[in-house]
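Reading through the structure tokens given below for one structure.
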Amino acid sequence: MVRIHFSAMCVGCTFLGMASLPTIVGLWTVQLLPSTEAPAEPWNEYRLPDTLVPDYYNIMLWPQLQPNVHGLFVFTGNSSVVFKCLRETALILIHSNKLNLTSIDGYLAKLSALGTSVAPSIHKTLMQEMTQYLVIQLKGKLKAGEFYELYTEFVGELADVAGIVATSQMHSTHARKTFPCFDEPAMRAVFYITLIHNRGTVALSNGMEITCFLHSEKVDTVLDGQPVTVTTFEPTKNMSSYLLALVVSDYTNVTSANDTLIRIWARKKAIEDGHGDYALNITGPILKFFEKYYSVPYPLSKSDQIALPDFYFGAMENWGLVTYKETNLLYQVISSNANKERTATIIAHELAHMWFGNLVTLKWWNEVWLNEGFAPYVSYLGADFVEPSWNVKDLIILKDVHRVSAVDALASSHPLSSKEEDIIKPEQITEQFDTVSYSKGASVLRMLSDFLTEPVFVQGLNTYLTMFANKNTTVDDKSGTVLPLSVKEIMDRWVLQMGFPVVTVNTTTGHVSQMHFLLDPESSIQRPSPFNYEWIVPINWMKVNMIVFSYTAFHSDMKATGNDWVLRLLNQLTENHEVIPVINRAQIVDDAFKLARAKIIPVTLALRTTKYLSEEREYIKHVTPLFYYFKIITEDWSHVPTGHTDQYLGYTLDAAMIRKQDATSVIVYIASNPDDQTLAWNFVRRTGRIASLIRGITKTFSTESELEKLLQFKSDNSETGFGSGTAALEQAIEKTKANIKWVAENQREVTEWLVAESA
């Protein structure tokens, strides 16, 4: 018997002879014409000029946890940034958004020089809202090689306040809402932070509180008639502005102090009830695992992790102070196994970033996958280390490979890496944090590790982290290891073009071919590819217990007759499915349905792959249902309560009923019921939550009526636009059209198969 194992990113293989498809090369002609437009002002460009670079910041902030006379929660503060001039310039551009800057001597900032040089006088200051700059025009020029200091005072509005909790979220372009800064990932600097906060509250930041090191009294004082505490923190590492974190709360913690101080912060009741214990118990071992895995020590003096009751984001890898949605960090013994698994993998994901993303950071947001693809890949390794009985490493197939293949098989997908000039606006940056960047990034790295072998892969990571520590990199900095074909040559085809191939093996000749896999083979590809949508596909196969690896497109060893090849996969699944490894069993089912969607195999063949599942015993999720709650509202299961879904949808607008962090999940879960899809869609349409919800609600849209609603929504809001939801909307429209076509072509055949199997 022979087993064939394709790369994880190959959707599947068909066992039919197939001629290679001709390559169609489009001719693109670019005509350069002289421009008659006046040159754009520098402050109308979204990217910072290369004239200045920050060295360090001194920041003092005072978040007010009580509303002011206007009912707003605000913070006051001041900041000074010391920067170096790289090239002579009479212009300072620094990011500032939604801050009310205080006038100082008639200007919005104060400039001084360090050393013996003299700072030029300020000519004019203004705010450019579109590009989110504080613009400072000077009467003279800053000198190359000299250091200067820019001081500002400001008032801002707190966006995240829940009871006695105020927290920051700087990622990805929000540090500029907290203080004026050079808010790009390559603009690394050291941050000196001081927080003023109400007495009885705790202040946290990336660095350790300095008063704890000195064992001195807390600095209590009175400001503006209010008794407050002033907490100063050790300076951060040289890091990007988006990694800065600030929290003021009345929380407490559980602590473990070995080589690194570990603290899990949460509401006092949650800590008293032991909900932070699991996170505390696994954090130290995960850090140790990553230290050994990377061969690079954990670079900070402490690791704080805090559970926030109303945190919109799942988690954020702030360097030294990781913030989490409560349900992602805390674990109760009575919770489900799925909750425990989620807690372990998310903690491992965020801690992986302490090296990959924080110690070494992407240069620009066009290569988000360098951060967000790597973290999920190694998160399975970290979780497997602390919970080896779970076999959690296999879950990458279900949660990432299968998940992203449904998106990356659309004509509206995008490459892992984009051109820098294509990703410049904040909403474009936000769009990069999607399934492709996370799950395809993880899947491609898993494939890379597989064909390099894990020891070689890890050695490359160590070289990468050591060489670029405290620096910023691009995807080109990752290559250097040479195989029969260089890593870069292989990886470029997976990184610089969207999609993935379907691989076909002709078992008569041994010939292997490929083509770009699309869920809708009739869809039109508008995005050009530098490689004409061809990939270098690492292939593993097993024959008579011999594992073979090669890049070549013709494999004489793959020729076979009779039962030598596993051509009768369906029979094998029925007779003895355990002969096929569990990962491949999952792939066979998923691949079969995707191949059927693409009209490569009959849909009934895909349906037949499910017949063995009654005998499958691997990875069955055990969840704890809300049994008693639903028993009550259904009066002991006797009826379905009227209007309960409307009620829950309404609750998502009221943080007192459903926390903001849970609102998206509630709406998506309601939409997963076919009877409530229209209800959920109409609710989202009215409330304008399109960006974060459209994928979840529209994933099963399959009727002309639903398509019409999507197109009407797009038309009605075309003038205002969709911001970070633009790509999601286009993908939803494309997928709905494909679903409609699939239902029309297959409904009768599927129905007949189901009737026949039920007889």
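When reading the values below, keep in mind they use all heavy atoms of this one structure, side chains included, and skip hydrogens, waters and symmetry mates.
A distance-only check finds no donor-acceptor pair linking the side chain of Gln132 to the backbone of Ser96 [under 3.5 Å].
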>> Under the criterion side-chain hydrogen bond (donor to acceptor under 3.5 Å, both in side chains), I'd like the reasoning laid out for Asn58 against Ser79: C-alpha separation, chi angles, the key distance, then a yes or no.
In response: CA-CA 6 Å; Asn58 277 302; Ser79 170; over 6 Å; no
> Taking it one step at a time, do Tyr293 and Trp355 satisfy ring pair (Phe, Tyr, Trp, His ring centres under 6.0 Å)?
Replying inline: CA-CA 11 Å; Tyr293 184 77; Trp355 289 265; 9.8 Å; no
> Tyr46 and Glu421: side-chain hydrogen bond (donor to acceptor under 3.5 Å, both in side chains), yes or no, with the steps?
Replying inline: CA-CA 10 Å; Tyr46 282 91; Glu421 59 269 24; over 6 Å; no
> Going through the checks in order, is the side chain to side chain contact (heavy atoms under 4.5 Å, CB included) test met by Asn366 and Lys419?
Replying inline: CA-CA 6 Å; Asn366 62 311; Lys419 296 179 181 179; 5.9 Å; no
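The distance from the CD atom of Glu387 to the OG atom of Ser389 is 6.0 Å, given to the nearest 0.5 Å. The CG atom of Asp384 sits 9.5 Å away from the CG atom of Leu395 when rounded to the nearest 0.5 Å. Here the OG1 atom belonging to Thr131 is positioned 7.5 Å from the NE2 atom belonging to His95, to the nearest 0.5 angstrom. The CG atom of Asn258 lies 11.0 Å from the CG atom of Leu287; values are rounded to the nearest 0.5 Å. To the nearest 0.5 Å, atom CD1 of residue Ile59 and atom OG1 of residue Thr194 are 9.5 Å apart. Separation of atoms OG1 (Thr231) and CG (Leu246) is listed at 12.0 Å; rounding is to 0.5 Å.
Note: Phe374 and Trp369 fail the aromatic proximity criterion, with ring centroids not under 6.0 Å apart. For an aromatic pair to be called close, the ring centres must be under 6.0 Å apart, and Tyr464 with Phe356 satisfies this. Taking the ring centroids of His353 and Trp319, they lie at or beyond the 6.0 Å cut-off. Taking the six-membered ring for Trp and the full ring otherwise, the centers of Tyr251 and Trp265 sit at least 6.0 Å from each other. Annotation: His171 is not in aromatic contact with Phe313 [ring centroid separation under 6.0 Å not met].
With respect to Lys143 and Glu88, no salt bridge is recorded, no charged nitrogen being found less than 4.0 Å from a carboxylate O. We find that Glu420 and Arg47 are joined by a salt bridge, their nearest charged nitrogen and carboxylate oxygen being less than 4.0 Å apart. A salt bridge links Asp408 with Lys440: the closest approach of a Lys/Arg side-chain nitrogen to an acidic carboxylate oxygen falls below 4.0 angstrom. Using a 4.0 Å cut-off between charged nitrogen and carboxylate oxygen, Asp259 and Lys288 count as a salt-bridge pair. For the pair Arg263 and Glu209, the salt-bridge criterion is met [side-chain N within less than 4.0 Å of a carboxylate O].
A pairwise comparison of heavy atoms in Leu93 and Pro42 identifies CD1-O, 3.7 Å as the closest pair. Between Glu367 and Thr474 the shortest heavy-atom distance is OE1-CA, 3.1 Å. Taking all atoms of both residues into account, the shortest heavy-atom contact from Ile424 to Ile429 is O-CD1, 4.2 Å. Contact between Gln432 and His414 at its shortest, heavy atoms only, is OE1-CE1, 4.3 Å.
The closest side-chain heavy-atom distance from Leu243 to Glu317 is below 4.5 Å. Inter-residue side-chain proximity for Tyr278 and Ile282 is flagged as met; some heavy-atom pair is nearer than 4.5 Å. Residues Thr466 and Val296 are in side-chain contact: their nearest non-hydrogen atoms beyond the backbone lie under 4.5 Å apart. Counting heavy atoms from C-beta outward, Lys471 and Val360 have side chains that stay 4.5 Å or more apart. At a threshold of 4.5 Å between non-hydrogen side-chain atoms, the residues Ile347 and Ser379 do not count as touching. Here the side chains of Thr283 and Glu350 are not in contact, with every heavy-atom distance at 4.5 Å or above. Contact annotation: the side chain of Trp535 approaches that of His516 to within less than 4.5 Å [non-hydrogen atoms, C-beta and beyond].
Looking at Tyr57, Tyr151, Tyr192 one by one, the single match for ring-ring contact (aromatic ring centres under 6.0 Å, His included) with Phe179 turns out to be Tyr57.
Side-chain contact of Asp400 with Ser439: a donor-acceptor pair under 3.5 Å is present, judged by distance alone.
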